[in-house]
Amino acid sequence: MNDLYTRRAVVAGMGVLGLGLLAGCSPARGLEFKYGKNMSNEILGRKFNLKDPQGNPRTLSSFYGSMPMIFFGFTQCPAVCPTTLARAAQIRQLLRGRDRDLFQVVFITLDPERDTPEVLDAYVKAFDPSFTALTGTPEEIAEVAKEFKVFYEKVPAGDTYTISHSSTSYVYDTRGTLRLSLGHSLNAKECAEDLVTLMEIC
Amino acid sequence: MAVSLQPIKRGLAAIALLGLALPALAQTTVSDAWVRASVPHQQSTGAFMTLTASSDSKLVGVESPVAKTVQVHEMTMNGDVMGMREVKAVELPAGKAVTLDPNGLHVMLMGLNQQVKEGEQVPLTLVIEDAKGGKERLPVQAPVRPLTEAGGGHDHMHMKH
């Protein structure tokens, strides 16, 4: 009896999984974004291996089932980073129901020496408690930046430094395929519109 | 002799009055000043404001007890790359409102001595140089706004003082 239920549960589970897969992205339909760039055919950001502020290892597969929007920055950044994070928080508010649950903001620090896990966590969560941050050793960060073709360099400022860096946000589908890039100049509404386009297909 | 001195004395008095009035003539007004809140142990943040000088002047320095280093930076976008560079002086043309906001020129407070919390006031001293090289020190109390403040200049058009 128990076996039967288990089997049924497995079969039902498989059915749900199957539906899930069917409902997954079908790139054959093409993706037409109004504001952002379709990245489906770009060889970019295919892997990373970093840690969240709690010390858990995170790779792209950690985010399967959600739609991560990844971007790079540092917490000492006065302009682009808070603006991009504030925009991400607005995007999340513009998304409804399941779409909002799927959306996962991931902030990767380019300044692992100064951005301690505690600072990073407090920083991103100040914008939205659902946001997460990733960090690694300076070498690991350099590797990830290379993987994303993200430019960054330290610029001396007084007895300290600031960082010049790329400001583009990258969005993946629920199966970890890079789909969309959103430039810094787009507003939250424009980004949300393109995300909904992606979410309708995926 | 005593009679002829009178107009000179009057003249001197007038010049003295003029001298007193000069700092007021070369006045710079500051509006909408604010500082972005920081999270604990964050080492730097930004200060933003709108400056209007009554005569051609320059902002040549900013001081604050909350940070070890205070600099004026300019954000530049080169393609999708955001860059920062220090600016030694910001031109304040007479009568023209110059905005220091998160998307352009802004004041960087680096090496924060403590967390800057929403609702607090951050004392700033602006050093303004007029066309003749005279320096004026302008104290400003900048309220701290949330970390999440967009501050593009459109969201918070407060009344000018």
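In the text below, chain A, chain B and the rest are named by the order of the sequence lines, each starting its count at 1.
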Asker: For A:Lys125, I'd like to know if atom NZ has over 12 heavy atoms of other residues, nucleotides or ligands within 6.0 Å.
Answerer: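 Buried by this count: over 12 neighbours within 6.0 Å.
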Asker: Out of curiosity, B:Ser38 OG to A:Gln76 CD, how far, rounded to the nearest 0.5 Å?
Answerer: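 B:Ser38 atom OG to A:Gln76 atom CD measures 10.0 Å (nearest 0.5 Å).
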Asker: Heavy-atom distance under 4.5 Å to chain A: side chain of B:Gln71, backbone, both or neither?
Answerer: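 For B:Gln71, side-chain heavy atoms alone lie under 4.5 Å from chain A.
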Asker: If I take atom CD from residue B:Gln43 and atom CZ from residue A:Phe74, how far apart are they, to the nearest 0.5 angstrom?
Answerer: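 So the CD of B:Gln43 and the CZ of A:Phe74 are separated by 11.5 Å.
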Asker: Looking at A:Ala86, A:Ala122, A:Cys77, which one has more heavy-atom pairs under 4.5 Å with chain B than the rest?
Answerer: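 If we count pairs closer than 4.5 Å to chain B, A:Ala122 comes out on top.
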Asker: To the nearest 0.5 Å, tell me how far B:Met84 CE sits from A:His165 NE2.
Answerer: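 Going from the CE atom of B:Met84 to the NE2 atom of A:His165 covers 7.5 Å.
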Asker: Please report the C-alpha distance between A:Thr168 and B:Asp80 in whole Å, then the side-chain angles of each, then the deciding distance to 0.1 Å, and finally whether the side chain to side chain donor-acceptor pair (under 3.5 Å) criterion is met.
Answerer: CA-CA 6 Å; A:Thr168 301; B:Asp80 90 316; 2.5 Å; yes
Asker: Go through the atoms of B:His41 and report whether side chain, backbone, both or neither lie under 4.5 Å from a heavy atom of chain A.
Answerer: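 Its backbone and side chain both get close to chain A.
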Asker: Below 4.5 Å from any heavy atom of chain A, which atoms of B:Met82 appear? Answer side chain, backbone, both or neither.
Answerer: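 Both parts, backbone and side chain.
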Asker: Rounded to the nearest 0.5 Å, what separates atom CE in B:Met110 from atom OG1 in A:Thr162?
Answerer: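 Output value for this atom pair is 8.0 Å.
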Asker: Below 4.5 Å from any heavy atom of chain B, which atoms of A:Thr75 appear? Answer side chain, backbone, both or neither.
Answerer: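 Both backbone and side chain.
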Asker: What part of A:Ser167 gets within 4.5 angstrom of chain B, counting heavy atoms only: side chain, backbone, both, or neither?
Answerer: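 Looking at A:Ser167, backbone and side chain both touch chain B.
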Asker: Work out which heavy atom in A:Val119 is nearest to a heavy atom in B:Val39; give both atom names and the distance.
Answerer: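 Reported closest heavy-atom pair: O-CG2, 3.8 Å.
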Asker: Do the non-hydrogen side-chain atoms of A:Thr83 and B:Asn103 ever get within less than 4.5 Å of each other?
Answerer: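 SC-SC contact between A:Thr83 and B:Asn103 confirmed.
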Asker: Where does A:Ala89 contact chain B at under 4.5 Å (heavy atoms): side chain, backbone, both or neither?
Answerer: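 A:Ala89 has no heavy atom closer than 4.5 Å to chain B.
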Asker: Which pair of heavy atoms, one from B:Gly83 and one from A:Ser164, lies closest together, and at what distance?
Answerer: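 Scanning both residues, the minimum pair turns out to be CA-OG, 3.3 Å.
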Asker: So which part of A:Val155 gets closer than 4.5 Å to some heavy atom of chain B, the side chain, the backbone, both or neither?
Answerer: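 For A:Val155, the contact with chain B is made by the side chain alone.
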Asker: NE2/A:His184 to CE/B:Met77 distance, rounded to the nearest 0.5 angstrom?
Answerer: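 Separation between the atoms: 5.0 Å.
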Asker: Between A:Ala126 and B:Leu147, what is the shortest heavy-atom contact and its length?
Answerer: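 The pair with the smallest heavy-atom distance is CB-CD2, 3.4 Å.
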Asker: Would you check if A:Pro82 and B:Arg36 make a side-chain contact, meaning some heavy-atom pair closer than 4.5 Å?
Answerer: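 A side-chain contact exists here, since the closest heavy-atom pair is under 4.5 Å.
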Asker: Pick one of side chain, backbone, both or neither for A:Ile163, based on which atoms fall under 4.5 Å of a heavy atom in chain B.
Answerer: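 For A:Ile163, backbone heavy atoms alone lie under 4.5 Å from chain B.
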Asker: In this structure, are over 12 heavy atoms from other groups packed under 6.0 Å from A:Glu193 atom CD?
Answerer: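 For A:Glu193, atom CD is crowded (more than 12 foreign heavy atoms under 6.0 Å).
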